[in-house]
Structure formats: C-alpha cells, structure tokens
Amino acid sequence: MKKFKDAMAEVFETKRWMHFYPEGSMWFFYPDIRPLKKAVFHYAVQYDRPVIPLVFTFRPRKNITRLFTRKPLVDLTVGEPLRHDPSLSRVHATAELQKRTYHVMQTMAGIHPGDPTYNENLDTATYQKTMG
C-alpha cells in the first residue's frame with residue numbers, strides 16, 4: 001500500500017490526471033449509478049483536486065444499426081468539476097463530496113429524487129441492484 005500511496009502522490013504532485021471508477025468496477029450496460037467508494041474522494045480532498053463526474057448512459061439502436069448488433073449505443077456525459085468544502089474537516093469534506101458527486105451523477109444519468117431507481121445508500125455492502 002505504501003508504494004501505491006507514493007505513486008498517487010507522484011501523480012498529483014506532477015499535476016497529471018488520474019481516472020478512477022469510483023464504483024470500484026465497471027458493470028457493462030448497467031443503467032444505474034452504484035454507490036461510490038470513499039477512497040476516490042479521500043484523494044481529491046487530500047491533494048485538493050477536483051472531481052469531474054463522468055456518466056455513461058445507454059440508448060437503444062434504431063433503424064439499420066440494429067442489424068449489426070443488439071448492444072446499446074453509449075453516451076458519455078461530462079459534468080462540471082466538483083471541489084470539496086475547505087471549511088470542513090478532511091473526514092467530513094470527503095463524505096460531503098462523495099454524497100454530492102453521487103447525487104450529481106444520478107441526475108446526469110436522468111435519475112432524480114423520487115424515481116424508483118434513485119438511491120441515497122452509499123453503503124456498498126448493502127446496496128441492492130435496482131435494475132435487471
């Protein structure tokens with residue numbers, strides 16, 4: 001873990017970009033936003049870097065493109081950079097940024113509070129898959 005942390009520090013100190021799947025892994029063609037893991041936001045707060053939400057959404061193929069494959073078309077939406085609140089402690093700033101980012105990503109995916117698939121549960125251990 002020490003080597004990983006040293007490598008992360010080097011990336012951030014040299015102002016290079018770092019990409020994470022904050023859900024921990026990618027589930028192909030899954031339309032919901034799964035809970036985001038805390039570590040990503042910990043690094044954003046620790047190194048004072050923005051989080052840029054990226055959301056993949058899917059749409060069915062139409063017309064002649066359906067003849068080539070049944071896989072859906074993928075759209076990538078890039079959100080506005082989100083920064084942590086510097087007035088909060090590191091622990092609270094991390095939790096707040098994680099929660100805010102999760103809400104923004106769900107909204108970008110067209111999932112809004114009150115929708116059956118809208119989720120506020122950030123506990124990855126108890127997350128229930130909401131779509132088939």
Side-chain angles (χ1 to χ4, degrees):
M1 196 64 175
K2 169 130 176 50
K3 288 187 180 202
F4 176 76
K5 288 181 179 181
D6 290 345
M8 291 295 294
E10 181 182 333
V11 167
F12 289 121
E13 288 166 4
T14 57
K15 301 199 184 297
R16 290 184 282 168
W17 290 92
M18 176 63 66
H19 176 266
F20 291 96
Y21 281 106
E23 302 100 327
S25 63
M26 185 173 183
W27 294 356
F28 291 103
F29 309 117
Y30 185 65
D32 285 356
I33 306 296
R34 291 177 294 125
L36 309 178
K37 297 191 176 187
K38 185 173 28 175
V40 173
F41 304 96
H42 168 78
Y43 287 117
V45 171
Q46 180 178 351
Y47 293 103
D48 191 27
R49 296 294 187 265
V51 171
I52 302 173
L54 305 171
V55 173
F56 292 105
T57 53
F58 309 97
R59 56 191 163 91
R61 292 180 179 271
K62 295 182 179 177
N63 305 323
I64 198 164
T65 61
R66 289 186 310 179
L67 298 174
F68 301 110
T69 183
R70 298 250 182 239
K71 292 180 182 174
L73 296 169
V74 181
D75 293 320
L76 171 64
T77 305
V78 179
E80 294 292 322
L82 303 174
R83 291 199 167 269
H84 72 279
D85 183 346
S87 68
L88 299 175
S89 69
R90 187 179 284 185
V91 171
H92 288 100
T94 299
E96 188 276 332
L97 182 59
Q98 178 187 19
K99 185 174 183 176
R100 186 164 33 106
T101 302
Y102 190 54
H103 171 74
V104 166
M105 289 177 71
Q106 287 187 102
T107 302
M108 288 169 56
I111 304 168
H112 303 285
D115 291 348
T117 58
Y118 186 81
N119 193 355
E120 292 184 28
N121 179 10
L122 289 173
D123 181 9
T124 56
T126 62
Y127 175 71
Q128 298 293 315
K129 190 172 181 179
T130 56
M131 303 193 85

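Hydrogens, waters and symmetry mates play no part in the numbers below; they use all other heavy atoms, side chains included.
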Subject >> Glu96 side chain to His92 side chain, donor-acceptor N/O pair below 3.5 angstrom >> reply: no

Heavy atoms only: give me the nearest [X]-[Y] pair and the separation to one decimal.
{"X": "Ala44", "Y": "Val51", "answer": "CB-CG2, 3.7 Å"}
{"X": "Thr57", "Y": "Ala109", "answer": "CG2-CA, 3.8 Å"}
{"X": "Leu88", "Y": "Ala93", "answer": "CB-N, 3.8 Å"}

Rounded at 0.5 Å granularity, tell me how far [atom1] in [X] sits from [atom2] in [Y].
{"X": "Glu80", "Y": "Ile52", "atom1": "CD", "atom2": "CD1", "result": "9.5 Å"}
{"X": "Leu36", "Y": "Gln106", "atom1": "CG", "atom2": "CD", "result": "8.5 Å"}
{"X": "Gln46", "Y": "Lys5", "atom1": "CD", "atom2": "NZ", "result": "8.0 Å"}
{"X": "His103", "Y": "Ile33", "atom1": "NE2", "atom2": "CD1", "result": "12.5 Å"}
{"X": "Arg49", "Y": "His84", "atom1": "CZ", "atom2": "NE2", "result": "11.0 Å"}
{"X": "Arg59", "Y": "Asp75", "atom1": "CZ", "atom2": "CG", "result": "4.0 Å"}

Original post:
Is Tyr47 reachable from Val11 through a run of I, L, V, M, F, W or Y residues, each pair having side-chain heavy atoms under 4.5 Å apart?
Top reply: yes

Subject >> Shared hydrophobic cluster for Phe56 and Leu54 (ILVMFWY, side-chain gaps under 4.5 Å) >> reply: yes

Subject >> Sequence neighbours excluded, every pair satisfying side-chain hydrogen bond (donor to acceptor under 3.5 Å, both in side chains) that has a member inside residues 6-18 >> reply: Lys2-Asp6, Thr14-Arg16

**OP:** Answer yes or no: is there a donor N or O on one side and an acceptor on the other, between the side chain of Arg61 and the main chain of Lys71, under 3.5 Å?
**Re:** yes

Original post:
So with a 6.0 Å cut-off around CG of Leu76, is the heavy-atom count from everything else above 12?
Top reply: yes

Original post:
Quick one: are Asp48 and Arg83 in side-chain contact, heavy atoms under 4.5 Å?
Top reply: yes

**OP:** If the plane angle is over 60° it's perpendicular, under 30° parallel, otherwise tilted; pick one for Tyr43 and Phe4.
**Re:** perpendicular

